[in-house]
Number of protein chains: 2
Amino acid sequence: MSSKRMTKQRKTVLEKLKNTRSHPTASELYWEVRKEIPQVSLGTIYRNLNVLTELGEIQEININNKVKRYDGNPEKHYHFFCQDCGRVYDLDGDYQKDLDKKFEKNNQHKITHHFLDFYGTCRNCLKDS
Amino acid sequence: MSSKRMTKQRKTVLEKLKNTRSHPTASELYWEVRKEIPQVSLGTIYRNLNVLTELGEIQEININNKVKRYDGNPEKHYHFFCQDCGRVYDLDGDYQKDLDKKFEKNNQHKITHHFLDFYGTCRNCLKDS
DNA sequence: TTAGTTGCAAACGCTTTGCCGAAAA
DNA sequence: TTTTCGGCAAAGCGTTTGCAACTAA
């Protein structure tokens with residue numbers, strides 16, 4: 001059985017992620033962490049993001065098989081992806097638990113959860129057009 | 001303006017995809033197409049899948065940033081991903097247009113569509129456990 | 001002390017691309 | 001004939017991994 005250590009690197013990755021509302025990529029996080037730990041490596045960022053995800057401290061965001069993004073908020077919620085600027089935003093609104101039941105017809109399969117991502121144009125990009 | 005040609009390769013990719021209920025990867029499709037065009041290359045499969053997607057003849061399925069899968073049915077519908085066997089199934093049930101409105105609060109952004117993927121255990125895997 | 005972690009660099013897996021000859025239209 | 005397309009092989013890109021040194025507990 002393997003216990004996890006809270007290293008300076010792991011702590012910094014977690015802090016950076018908890019302190020932003022954006023949903024950075026591993027590479028973006030790498031440059032942030034480098035401000036404090038200049039010799040950190042990208043491999044370490046990836047390893048820690050995976051560990052923190054397993055621990056349930058953070059979650060991955062997978063939009064369209066593009067680069068993975070990371071969310072410091074591990075609670076279930078939905079995301080909005082702006083097709084103009086590419087940014088990913090959190091959406092207000094409840095997790096729709098009833099969807100799982102709705103699509104679990106005749107008990108042929110067991111649904112445990114779902115992912116729901118919205119696409120469109122964000123407020124900023126609407127202004128510009 | 002570029003018109004698209006219906007080559008033997010493109011036609012075969014499209015046929016194979018229309019004639020299966022599975023959601024194959026590019027590589028799986030490659031081996032299928034090779035049965036009829038032994039000298040076909042993987043690059044050609046990828047290029048044609050991209051063209052056919054742009055044309056709206058097929059659609060991509062992106063599950064968890066894993067390998068891309070392809071669906072011969074271009075209509076909006078939802079998928080179920082079995083976490084035990086890894087297979088991807090179509091789900092019966094309507095596209096929930098109302099979700100877009102529900103999460104478009106205060107008109108801060110414009111939602112055009114969404115993707116909704118369900119996770120769980122499929123009927124076959126439930127039997128085995 | 002010792003198991004988990006890091007930095008480094010190489011490897012990996014999927015997908016795209018440049019080149020040039022082939023073949024639709 | 002014109003222009004798109006295919007085969008091939010190399011490159012691209014995000015992510016993972018093997019290894020030896022390091023460090024949290």
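Side-chain atoms are counted along with the backbone in the values below, which use heavy atoms only and exclude waters and symmetry mates. Within every chain, numbering begins at 1; the chains are lettered A, B, ... in the order of the sequence lines, protein sequences first and strands thereafter.
- Of the possible donor and acceptor atoms, none in the side chain of H109(A) sits under 3.5 Å from a partner among the backbone N and O of F81(B).
- Taking atom CD1 on I45(B) and atom P on dT16(C), their separation rounds to 13 Å, with Å as the unit.
- Taking side-chain N and O atoms only, Y46(A) has a distance below 4.0 Å to OP1 or OP2 of dT15(D).
- Considering only side-chain N and O atoms, N48(A) lies nowhere under 4.0 angstrom from the phosphate OP1 or OP2 of dT5(C).
- With dT15(C), dT16(D), dG6(D) as the candidates, the nucleotide lying closest to the side chain of R10(B) is dG6(D).
- Contact annotation: T44(B) side-chain N/O to dG6(D) OP1/OP2 distance is not under 4.0 Å.
- You'll find a donor-acceptor pair under 3.5 Å spanning the side chain of R47(B) and the base of dG18(C), going by distance alone.
- Here dG21(C) presents its C1' atom at 14 Å from CD of Q39(B), a figure rounded to the nearest Å.
- Using a cutoff of 4.0 Å between basic side-chain nitrogens and carboxylate oxygens, E36(A) and K8(A) are not scored as salt-bridged.
- Whole-Å rounding puts the E54(B) CD to dT4(D) P distance at 14 Å.
- Following rounding to the nearest Å, N64(A) (CG) and dT15(C) (P) show an atom-to-atom distance of 13 Å.
- In this structure, the CG atom of L42(B) is 12 Å from the P atom of dC8(D), given to the nearest Å.
- Between Y119(A) and F115(B), the gap from one ring centroid to the other is short of 6.0 Å.
- Among the nucleotides dG7(D), dA25(D), dC8(C), the one closest to the side chain of M6(A) is dA25(D).
- For K11(B), the NZ atom is loosely surrounded, since the number of other residues' heavy atoms within 6.0 Å does not exceed 12.
- Between the P atom of dG6(D) and the NZ atom of K11(B) lies a distance of 13 Å, rounded to the nearest Å.
- Atom pair Y30(A):OH and dT6(C):P shows a separation of 14 Å (rounding to whole Å applied).
- Looking only at atom types and distance, the side chain of Q96(A) has a donor-acceptor partner in the side chain of K102(B) under 3.5 Å away.
- Rounded to whole angstrom, the span from the NZ atom of K8(B) across to the C1' atom of dC5(D) amounts to 12 Å.
- No side-chain donor from either of D117(B) and H114(A) sits under 3.5 Å from a side-chain acceptor of the other.
- Comparing dG7(C), dT3(D), dA24(D) by their nearest atom to the side chain of T7(A) picks out dA24(D).
- Between D94(B) and Y78(B) the shortest heavy-atom distance is O-CE1, 3.6 Å.
- Using modelled atom types and a 3.5 Å distance limit, the side chains of S27(A) and T25(A) yield no donor-acceptor pair.
- With dT15(D), dA25(C), dT16(C) as the candidates, the nucleotide lying closest to the side chain of R5(B) is dA25(C).
- Put simply, N65(B) has no side-chain N or O that comes within less than 4.0 Å of OP1 or OP2 on dC14(C).
- Look at Q9(A) and you won't find any side-chain N or O under 4.0 angstrom from OP1 or OP2 of dT23(D).
- End-to-end axis angle of the helix from dT1(C)-dA25(D) to dA25(C)-dT1(D), using five pairs per end and rounding to 10°, comes to 40°.
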